[in-house]
Amino acid sequence: MLPIDWTPNNKDRMPLYVQIIEYIKNKIRIGDWPVNYKLPPQRELARIFQVNRSTVATAIDELIADGLLESKIGSGIWVANNTWSILTSPQQVNWNSYVESGIYLPNFPTIQEINRSEFNPKNVRLGTGELSPELIPSVMIKSILSKLPDKIQSFGYEESRGLLYLRQQLSHYLKDFGIDASPASILIVSGALQALQLICFGLLPKDATILLEKPSYLLSLKLFQSMSMQFSGIPMDDEGIQVTSIDYQKKHQNTSLLYTIPCFHNPTGTLMTEQRRKDLLALCQKELLPIIEDDVYRELWIDAPPPAPLKALDKDGRVIYIGSLSKSLSPGMRIGWIVGPEPVIERLADMKMQNDYGSSSLSQWAAAEWLASGLHQNHLQEVRKQLKIRRDIAIEALEMNFSDIATWNIPKGGFYIWLKLIHPVSLQKLFKAALDTGLLINPGNIYDALSNNHLRLSYSFAALPDIKNGLYRLSNIIRKLSDRNSW
Ligand SMILES: Cc1ncc(COP(=O)(O)O)c(C=O)c1O
């Protein structure tokens with residue numbers, strides 16, 4: 001066997017396995033490795049090349065696919081061909097390797113499946129965190145849209161903080177919640193999710209630790225793990241995040257901020273009490289800890305208006321506040337906002353310009369006209385009425401079908417019921433078994449790896465008869481799976 005005194009270069013932009021392919025091709029081309037030459041075993045090649053075995057395997061597989069090498073069962077890999085045309089054929093781009101080496105991590109497979117399955121109209125969506133199409137005021141939105149052509153003053157880019165007219169409307173609208181925000185301290189974003197991206201990537205160092213409720217919506221997003229951010233989950237009770245469990249200084253040297261969803265929390269539906277809000281703010285003041293308040297569910301109260309936002313209680317610019325029209329009006333508009341100290345807003349606005357040159361001008365005009373029209377409050381009254389009906393029907397269906405297999409909270413608003421299964425079942429099996437029968441659910445472990453006895457149910461999306469019937473069918477599937485477990 002011929003000696004190999006070459007290793008691929010780690011610093012080269014060309015992936016290691018491509019360098020190996022080129023090396024082997026060259027050996028064949030110059031005749032060092034003639035037809036019928038037997039290559040060293042893959043384990044040996046990996047050792048010589050100082051790479052993982054899988055890297056060698058990928059290179060060998062490609063060369064086999066190109067017809068240059070051949071695998072003979074039981075006797076290894078051989079050179080099969082040294083035809084010039086094969087050797088000179090340009091190596092095709094292996095997009096898979098690029099896809100795998102991108103900086104952003106892919107979504108959890110379950111979330112990818114949910115995202116796909118939501119668009120199968122046959123599925124009953126028992127976990128979707130969105131208003132049902134029948135609760136979106138399409139006629140009213142269309143009437144606003146029809147008037148836009150006369151209102152829009154320019155179809156160019158908007159200024160970096162977003163359309164001034166929309167920020168003026170928001171400044172006015174936020175006063176109802178006790179938030180005093182000038183248009184200069186508001187940044188328009190493409191939904192609350194973009195707000196979170198801008199805040200985390202624009203204000204935090206790479207190794208930052210974010211304190212947050214456990215479970216949390218943020219834990220379902222791989223995006224932040226992609227940038228090496230750490231999360232530290234704080235337990236919750238029925239008043240919200242447990243402030244006494246925040247042992248901030250001792251445990252988290254790199255802790256950079258606290259993220260919270262105080263109103264109708266995703267996924268638990270919990271409403272943080274007024275006292276808890278005060279305690280949280282006091283602790284964060286003491287520890288000099290900034291707060292990101294994600295308040296996208298605030299307006300969706302069912303029983304009584306929620307306590308004032310942390311931002312309204314904040315007297316020293318500690319809180320960065322996030323809102324959105326996604327949950328209360330239309331997620332498709334992709335309009336959200338950030339309220340914060342002006343230097344923060346300026347920094348995030350600069351990042352947003354680098355990202356997308358601003359949110360869609362058409363959506364911004366539509367949102368501004370919607371808020372200016374006064375239709376929002378009428379619409380919200382109707383949404384609250386309908387959410388109450390939906391919540392009550394869901395709770396009734398749970399009482400009828402789940403009382404021996406689960407426990408749950410009764411949310412005071414928002415979309416979610418955090419269902420806890422009494423007998424453990426594999427959430428993966430449950431997800432699949434439910435989907436096989438056309439029921440789409442959100443397993444709890446996408447919001448916290450340890451929440452593997454929970455489901456996030458939503459009563460906001462499915463039609464009323466589907467909520468009733470769907471929950472009945474789901475209870476039977478759970479019973480069947482947990483019966484099987486106890487065999
Ligand atoms: C707490 C929370 N924040 C942000 C978002 C994202 O909202 P948007 O559609 O405004 O990006 C969601 C959506 O589920 C959410 O639940």
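Whatever order the structure lists them in is the order used to number ligands and atoms, beginning at 1. Quantities reported herein were computed from a predicted structural model and do not represent experimental measurements.
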- Measure up the Tyr157 and Tyr357 rings against each other and bin them: parallel (under 30°), tilted (30 to 60°), perpendicular (over 60°). tilted
- For Arg391, what residues pass the side-chain hydrogen bond (donor to acceptor under 3.5 Å, both in side chains) criterion, not counting sequence neighbours? Asp303
- Step through it carefully: locate the ring centre of Phe415, locate the ring centre of Phe264, and say whether they are under 6.0 Å apart. no
- Message: Going by side-chain hydrogen bond (donor to acceptor under 3.5 Å, both in side chains), name the pairs with one or both residues in residues 398-410, residues two or more places apart or in two chains.
- Response: Asp404-Arg479
May I have every N or O pair linking ligand 1 to the protein at under 3.5 Å, one per line with atom names and distance?
unit_1: ligand 1; atom_1: 3 (N); unit_2: Asp294; atom_2: OD1; d: 3.4
unit_1: ligand 1; atom_1: 3 (N); unit_2: Asp294; atom_2: OD2; d: 2.6
unit_1: ligand 1; atom_1: 9 (O); unit_2: Ser326; atom_2: OG; d: 2.7
unit_1: ligand 1; atom_1: 9 (O); unit_2: Arg334; atom_2: NH1; d: 2.8
unit_1: ligand 1; atom_1: 10 (O); unit_2: Ala192; atom_2: N; d: 2.7
unit_1: ligand 1; atom_1: 10 (O); unit_2: Ser324; atom_2: OG; d: 2.7
unit_1: ligand 1; atom_1: 10 (O); unit_2: Ser326; atom_2: OG; d: 2.9
unit_1: ligand 1; atom_1: 11 (O); unit_2: Ala192; atom_2: N; d: 3.1
unit_1: ligand 1; atom_1: 11 (O); unit_2: Leu193; atom_2: N; d: 2.9
unit_1: ligand 1; atom_1: 11 (O); unit_2: Arg334; atom_2: NH2; d: 2.9
unit_1: ligand 1; atom_1: 14 (O); unit_2: Lys327; atom_2: NZ; d: 2.7
unit_1: ligand 1; atom_1: 16 (O); unit_2: Asn266; atom_2: ND2; d: 2.7
unit_1: ligand 1; atom_1: 16 (O); unit_2: Tyr297; atom_2: OH; d: 2.5

- Is the Tyr459 to Tyr416 ring centre distance short of 6.0 Å? no
- In chain order, what residues pass the salt bridge (charged side-chain N to carboxylate O under 4.0 Å, His left out) check against Glu396, with sequence neighbours excluded? none
